[in-house]
S.K.: 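I'd like to ask some things about the structure below.
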Amino acid sequence: ASTSASMQADNQDDIVETIRKTVKQVGKETLFVRLTPNEKRQITSIVYAFNEMYRGEGRKTSENEIGRISVNFLLEDYKANGEQSILAKVLAALNA
């Protein structure tokens, strides 16, 4: 169990680093997403909480950054896990 947990942590660290590198690049393409009021409130709340938590340190985030992290997480998970990825499973459930 310890070896498995260690491998999962290493894999998660790799995914975080891949997403970090991608999101650091300035995006130029546009994707419009329609959110429910609840989804929008949750994202706004995360942005506000993060920015308040790190206000004195000069660290901040935005709704755009949260969206890009989300998209890139789904893409990396799909690349690594294919039909067993969260994206594939949710798409299958939506189309069932």
S.K.: Is any side-chain heavy atom of Ile43 closer than 4.5 Å to a side-chain heavy atom of Lys40?
M.R.: no
S.K.: To the closest 0.5 Å, what do you measure between CD (Glu83) and OH (Tyr78)?
M.R.: 5.5 Å
S.K.: Kindly state each residue pair satisfying ring pair (Phe, Tyr, Trp, His ring centres under 6.0 Å) with at least one member in residues 49-71, sequence neighbours excluded.
M.R.: Phe50-Tyr54
S.K.: Closest heavy-atom contact between Ala88 and Gly82?
M.R.: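 In this case the closest contact between Ala88 and Gly82 is CB-O, 3.4 Å.
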S.K.: Drop me the distance from Asn51's CG to Ile46's CD1, to the nearest 0.5 angstrom.
M.R.: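 Reported value, rounded in 0.5 Å steps: 11.5 Å.
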S.K.: For a quick test of reading the model, state the closest non-hydrogen atom pair linking Leu91 to Asn95 and the distance between them.
M.R.: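 Minimum heavy-atom separation between Leu91 and Asn95: O-ND2, 2.7 Å.
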S.K.: Show, in sequence, the C-alpha distance, side-chain angles and deciding distance for Glu65 and Arg68, and conclude whether the salt bridge (charged side-chain N to carboxylate O under 4.0 Å, His left out) test is met.
M.R.: CA-CA 5 Å; Glu65 194 169 65; Arg68 290 192 63 209; over 6 Å; no
S.K.: Can you get from Val33 to Leu74 by hopping between Ile, Leu, Val, Met, Phe, Trp and Tyr side chains that sit under 4.5 Å apart?
M.R.: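 Looking at the clustering, Leu74 is in a separate group from Val33.
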S.K.: Please determine whether side chain to side chain contact (heavy atoms under 4.5 Å, CB included) holds for the pair Met53 and Tyr48, giving the CA-CA distance in whole Å, both sets of side-chain angles, and the decisive distance to 0.1 Å.
M.R.: CA-CA 9 Å; Met53 188 181 326; Tyr48 178 80; over 6 Å; no
S.K.: Please report the closest heavy-atom contact between Val47 and Thr61, naming both atoms and the distance.
M.R.: CG1-O, 3.8 Å
S.K.: Please walk me through it: do Glu63 and Ile66 pass side chain to side chain contact (heavy atoms under 4.5 Å, CB included)?
M.R.: CA-CA 5 Å; Glu63 291 172 354; Ile66 299 292; 5.7 Å; no
S.K.: Nearest 0.5 Å, please: how far is CD in Glu76 from CG in Asn11?
M.R.: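 It is 10.0 Å, given to the nearest 0.5 Å.
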S.K.: May I ask you to decide if Thr18's main-chain N or O and Thr22's side chain share a donor-acceptor pair within less than 3.5 Å?
M.R.: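 Flag set: sc Thr22 to bb Thr18 pair under 3.5 Å.
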S.K.: Which atom pair, heavy atoms only, marks the closest approach of Ile15 to Phe73?
M.R.: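 Looking at all heavy atoms of both residues, the shortest contact is CG2-CD1, 4.3 Å.
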S.K.: Looking only at heavy atoms, which two atoms of Glu39 and Arg34 are closest? And how far apart?
M.R.: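 Nearest heavy atoms, Glu39 then Arg34: OE1-O, 4.4 Å.
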S.K.: Flag the pair Asp77 / Leu87 as yes when at least one side-chain heavy-atom distance between them is below 4.5 Å, and no otherwise.
M.R.: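 In short, these two side chains do not touch, never coming nearer than 4.5 Å.
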